[in-house]
Amino acid sequence: MKRFITIALVTGALLISVTSFASSDGGQILKGWYDRAFGYVVEEAVSEFLTGVIGLNRTISQEKKEQMDEAEDELGKFSLLKTENSVTEMQRYQQQYIEVANKTEEKLKKQNLTAEKNKEISNLESELEDDVEAILKELLQ
């Protein structure tokens, strides 16, 4: 009889185990586990991606600032160089103009001219000086 009760209990336990296993959906459990695992991996990947993008943005911003500073320095150097060259060119032009005016003055002095011609020359010199002043003002502005 003990044997019969033991077999009945083992059979009952086995029957209950099989029934509960059969009533549970193993695929659903597996799907739930997969969804949780996949969600975690996706969250990690997105987090790492966003961290990389933020770091890249900071790096780009820093490089952009450095390039802007470098461009500003280069522009300042270029401006200074052009200003120096312009002053030098104006001085050279002024010197050439003075030399031409002096040579012309010497030629005119050497010539024996009448008073009328002298007056005319004086007017031309005045006009020439006015033109020189206008040109120099234009160059200096």
Taking only distance into account, with no hydrogens and no angle test, what donor-acceptor pairs under 3.5 Å do side-chain atoms of residues 123-132 form with protein atoms, sequence neighbours excluded?
none

Inset, instruction - Scan for side-chain hydrogen bond (donor to acceptor under 3.5 Å, both in side chains) pairs involving residues 70-91, sequence neighbours excluded, and state none if there are none. - result: Glu89-Arg92

Inset, instruction - With sequence neighbours excluded, tell me which residues meet side chain to side chain donor-acceptor pair (under 3.5 Å) with Gln62. - result: Glu66

Inset, instruction - Rounded to the nearest 0.5 Å, what's the gap from CD1 on Ile135 to OH on Tyr93? Could you check? - result: 4.0 Å

Inset, instruction - With sequence neighbours excluded, tell me which residues meet side chain to side chain donor-acceptor pair (under 3.5 Å) with Lys65. - result: Asp69

Report all side-chain donor-acceptor pairs from residues 36-60 shorter than 3.5 Å, counting only partners two or more places apart or in another chain.
from  : atom 1 : to    : atom 2 : distance (Å)
Arg36 : NH1    : Gly32 : O      : 3.3
Thr51 : OG1    : Ser47 : O      : 2.8
Thr59 : OG1    : Gly55 : O      : 2.9

Inset, instruction - Under the side chain to side chain contact (heavy atoms under 4.5 Å, CB included) rule, collect the residues that match up with Ser122, sequence neighbours excluded. - result: none

Legend entry - Beyond-backbone contact of Glu99 with Gln95, side-chain heavy atoms, under 4.5 angstrom: yes

